[in-house]
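Only one structure is covered here, and it is reproduced in the block below.
In this text, all values refer to a predicted model and were calculated from it rather than measured experimentally. Indexing begins at 1, ligand by ligand and atom by atom, following the structure's order.
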Amino acid sequence: MHHTPNLPRKTAFMPILSGIHTLGQHLEHLQSHAEDYLPDQCPSCGRAGLWRHGYYTRKSDREGQGLNPIPIPRFRCPHCRRTCSSLPQCIPPRRWYLWAVQELLIRLVLLGYSFNSVCHQWPPSRATLRRWWRRLQERFPRHRDALCARWPWAATGQGFRSFWRHCLSRQPLSEAMLMLLRVGVRMP
Ligand SMILES: [Zn+2]
């Protein structure tokens with residue numbers, strides 16, 4: 001196996017299939033159009049020609065809809081031999097909850113609901129919600145700049161709260177996060 005300890009392993013872009021907004025849609029699409037998940041190029045070495053390499057599963061259904069385990073297609077690069085996987089847009093990389101859950105809670109806090117009242121009704125803990133909110137605030141200038149470069153209409157919301165209220169009224173959080181991921185800006 002090739003090993004390059006001096007190079008950053010994290011790539012700016014990881015394969016994500018856009019336009020898949022629910023786990024049910026993902027399961028259907030995977031059955032009918034599995035080829036859509038095939039990345040154009042290897043996220044490690046950048047070359048084309050990846051092979052399908054089975055699946056791994058995630059327990060992404062945290063709302064008990066009975067959809068687990070969720071299969072995630074894997075691919076192998078014939079050039080650098082590394083494997084990668086391709087996520088549907090609705091599943092955030094390296095997160096426990098779906099973007100839709102994170103979006104719902106953020107929307108409620110933007111509307112003025114307290115962390116306590118929101119966490120009283122929804123599964124993520126208060127600490128988790130606080131972390132999401134803090135990171136969203138900390139990275140706001142970078143998020144705003146990156147998103148306004150792509151969505152000029154977003155610039156009408158100036159402050160943190162008005163920006164995100166405006167943004168989420170026009171686009172789902174997963175769409176904004178996908179865009180940020182593609183330009184290498186860290187997500188909340
Ligand atoms: Zn490769």
Side-chain angles (χ1 to χ4, degrees), residues 1-62 65 67-103 124 128 131-132 135-136 138-151 154 167 171-188:
M1 187 183 149
H2 297 272
H3 193 53
T4 50
N6 296 324
L7 292 173
R9 300 290 297 276
K10 216 175 99 187
T11 54
F13 180 62
M14 88 170 38
I16 290 175
L17 182 59
S18 60
I20 307 285
H21 299 289
T22 66
L23 293 178
Q25 197 187 348
H26 166 60
L27 294 175
E28 261 178 39
H29 203 87
L30 201 53
Q31 281 214 325
S32 58
H33 296 89
E35 68 281 2
D36 288 353
Y37 290 82
L38 183 74
D40 292 334
Q41 56 188 131
C42 170
S44 296
C45 73
R47 280 181 281 189
L50 300 191
W51 299 338
R52 286 168 77 167
H53 189 62
Y55 298 89
Y56 77 94
T57 57
R58 288 171 72 127
K59 290 182 181 170
S60 295
D61 177 13
R62 305 291 308 159
Q65 298 177 73
L67 299 175
N68 285 329
I70 305 292
I72 306 294
R74 301 174 76 214
F75 303 91
R76 189 176 176 84
C77 174
H79 311 289
C80 72
R81 322 294 296 173
R82 291 204 181 111
T83 57
C84 66
S85 55
S86 191
L87 289 171
Q89 181 177 332
C90 59
I91 301 182
R94 298 178 293 272
R95 312 275 154 130
W96 190 252
Y97 292 101
L98 296 180
W99 284 128
V101 175
Q102 191 164 344
E103 175 174 346
T128 300
R131 192 174 64 243
W132 290 345
R135 287 185 190 160
L136 199 64
E138 282 170 0
R139 294 169 192 166
F140 172 59
R142 298 197 64 201
H143 290 162
R144 183 194 50 210
D145 292 350
L147 291 173
C148 288
R150 183 71 188 266
W151 294 333
C167 218
Q171 292 285 346
L173 182 67
S174 67
E175 193 72 31
M177 295 301 124
L178 183 63
M179 200 165 290
L180 293 174
L181 194 65
R182 284 183 170 154
V183 296
V185 176
R186 289 181 69 197
M187 304 166 291

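Protein N, O or S atom count below 2.8 Å of the Zn ion (ligand 1): the structure gives 4.
Note that the CG atom of D145 and the CZ atom of R139 stand 15.0 Å from one another [nearest 0.5 Å]. Between atom OG of residue S44 and atom NE2 of residue H79 there is a gap of 12.0 Å, rounded to the nearest 0.5 Å. Note: S174 OG to W99 CH2 = 8.5 Å, rounded to the nearest 0.5 Å. In this structure, CG in L50 is found 11.0 Å from CZ in R76, a value given to the nearest 0.5 Å.
The two residues R74 and T83 have their closest heavy-atom pair at NH2-OG1, 3.5 Å.
Between L17 and L87, the closest side-chain pair of non-hydrogen atoms is not below 4.5 Å.
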